[in-house]
Amino acid sequence: MCVCIFSTDCKLNLNMPRSPSAAHSYQHGCSRMTLENSDLWKSFHSIGTEMIITKHGRRMFPHCSVSVTGLQPFTNYVIMVDMVPVDSFKYKVQSNQWEVAGKAEPQPPCRTYTHPDSPATGTHWMKQSLSFLKMKLTNNTLDQHGHIILHSMHRYYPRFHVVQADSPYTVRWGSFQTFSFPETVFTAVTAYQNPKITKLKIDHNPFAKGFREGGTHSHKTYFKVSCLQRTPSTSQSVQEQKNQASSRQQPLKG
DNA sequence: TCGGCTCACACTTTTGAACAGT
DNA sequence: AACTGTTCAAAAGTGTGAGCCG
């Protein structure tokens, strides 16, 4: 469920860490937020993170996953994310490098993604890391699904809010704590511009495995391979594949 | 002509329902 | 009856290239 609670005052809460070399954990009052997959984010950040946005909404990769400590155990909190423009420029790729292409387009409607567990007690938030895997990004300004609306070829970073509130509808009156991480800055694109990003994503994102070999040609190549694996039709070979698959998944289930 | 956007494609992974076993 | 584990089909999600559009 997504609730739009911000308007033009988004930047008032801006708490962007100043130094890119800052630690990946930030303290705010007595509570503290840590970026879980910080190393992965840093890998992408080092070559210039790009996030695909589509008309129907696309998940982020790497996705936002954080852990929180220092909350009051029995108090209810709502945890949200919104996207903040890094600067007021639009970018383009010129000879494999991002360059400023002019002034940014007017900001789309500012939306927030509320963590589906919200509201929950401090104990709940602190017992495990919080994944925003299902958050989707779109370039469709008329989007009705509550996805985060961004402009292509613009730079953003996710900003996390921990709000003391009993429901997503009462966050206006709660006390805000805002966190962000320098390595999560990304450029919104409708198609990847940097092949290094593509490679890194394919290496880490299981959904992209079918495209590992790259290009249309690879579709055929991959299809042939998968046919060879599947057509033997002996239940044993199928079972072996399943066993391998399940053994791969076991640590995750655990 | 060019750069950005959309769509179909063929694949993998995830999810959830149905079923069997304890 | 309740719980746990397994199987299977459907849904969701992925990057790419071709073609469209401004």
Side-chain angles (χ1 to χ4, degrees), chain A residues 2 37 40 43-44 47-65 89-106 108 113 116-117 131-156 186-231 233-254:
Chain A
C2 292
N37 42 2
L40 186 58
S43 304
F44 279 91
I47 51 178
T49 312
E50 295 173 17
M51 291 288 175
I52 291 284
I53 56 175
T54 66
K55 190 177 174 182
H56 300 291
R58 184 79 101 174
R59 286 183 178 180
M60 295 177 75
F61 192 88
H63 69 272
C64 296
S65 183
F89 299 114
K90 185 179 181 178
Y91 291 82
K92 66 176 179 181
V93 173
Q94 198 78 40
S95 56
N96 294 328
Q97 281 195 323
W98 285 102
E99 291 180 359
V100 172
K103 205 178 165 186
E105 290 176 34
Y113 175 84
D117 289 358
S131 171
F132 293 88
L133 178 69
K134 304 222 168 174
M135 178 169 66
K136 287 185 176 180
L137 310 178
T138 181
N139 58 348
N140 182 8
T141 51
L142 301 175
D143 174 73
Q144 299 290 312
H145 299 95
H147 302 329
I148 305 269
I149 302 171
L150 303 178
H151 280 313
S152 180
M153 315 309 269
H154 288 59
R155 282 186 179 161
Y156 299 90
F186 64 88
T187 309
V189 295
T190 55
Y192 288 122
Q193 309 293 321
N194 183 352
K196 287 180 184 172
I197 290 289
T198 310
K199 188 181 178 307
L200 204 53
K201 285 208 176 184
I202 288 174
D203 285 347
H204 290 87
N205 192 343
F207 279 109
K209 275 182 183 169
F211 301 92
R212 254 183 196 156
E213 305 296 323
T216 313
H217 182 70
S218 73
H219 291 188
K220 290 171 185 168
T221 311
Y222 195 92
F223 184 61
K224 276 183 185 173
V225 171
S226 70
C227 280
L228 282 173
Q229 286 178 338
R230 288 180 179 184
T231 44
S233 75
T234 61
S235 58
Q236 190 186 354
S237 65
V238 173
Q239 193 58 46
E240 276 175 12
Q241 283 181 41
K242 284 182 180 173
N243 289 343
Q244 284 172 5
S246 64
S247 66
R248 276 200 307 271
Q249 287 178 356
Q250 257 176 349
L252 291 174
K253 284 179 181 175

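Throughout, a chain's letter reflects where its sequence line sits, starting with A, and its residues are numbered from 1.
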Using nucleotides 4-8 of chain B, report all nitrogen or oxygen pairs with the protein that are shorter than 3.5 Å.
residue : atom : partner : partner atom : Å
B/dC5   : OP1  : A/S152  : OG           : 3.1
B/dC5   : OP2  : A/S152  : OG           : 2.7
B/dC5   : OP2  : A/T190  : OG1          : 2.6
B/dC5   : O5'  : A/T190  : OG1          : 3.4
B/dT6   : OP2  : A/N139  : ND2          : 2.9

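Considering only residues two or more places apart in sequence or on other chains, A/K55 meets the salt bridge (charged side-chain N to carboxylate O under 4.0 Å, His left out) condition with none of them. Scored by the side-chain contact (heavy atoms from CB on, under 4.5 Å) test, A/H63 finds A/S65, A/S131, A/L133 as partners (sequence neighbours excluded).
For the pair A/K201 NZ and C/dG13 C1', the interatomic distance rounds to 12 Å; values are reported in whole Å. The nearest whole Å value for the distance from the CE atom in A/M51 to the P atom in C/dG15 is 11 Å. Between A/H204 atom NE2 and B/dT12 atom C1' there is a gap of 18 Å when expressed in whole angstrom units. A/K136 has its NZ atom 8 Å from the P atom of C/dA12, to the nearest Å. Following rounding to the nearest Å, A/R59 (CZ) and C/dG15 (P) show an atom-to-atom distance of 12 Å. Computed from coordinates, the A/K134 NZ to C/dG13 P distance equals 7 Å when rounded to whole Å. Summarising the geometry, the separation between NZ on A/K199 and C1' on C/dT14 is reported as 17 Å, rounded to the nearest angstrom.
A/F186 places a side-chain heavy atom less than 4.5 Å from the side chain of A/L137.
For residues 133-151 of chain A, the salt bridge (charged side-chain N to carboxylate O under 4.0 Å, His left out) pairs, not counting sequence neighbours, are A/R111-A/D143. The salt bridge (charged side-chain N to carboxylate O under 4.0 Å, His left out) contacts involving residues 188-199 of chain A comprise A/K199-A/D203, where partners must be two or more places apart or lie in separate chains.
Residue contacts for A/Y192: at a heavy-atom cut-off of 4.0 Å it reaches the sugar-phosphate backbone alone, with no base atom in range.
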Report, one line per pair, each donor and acceptor closer than 3.5 Å where one atom sits in a side chain of residues 148-155 of chain A; sequence neighbours left out.
residue : atom : partner : partner atom : Å
A/H151  : NE2  : A/P106  : O            : 2.7
A/H154  : ND1  : A/S152  : O            : 2.8
A/H154  : NE2  : A/E105  : N            : 3.0
A/R155  : NE   : A/T187  : OG1          : 3.3

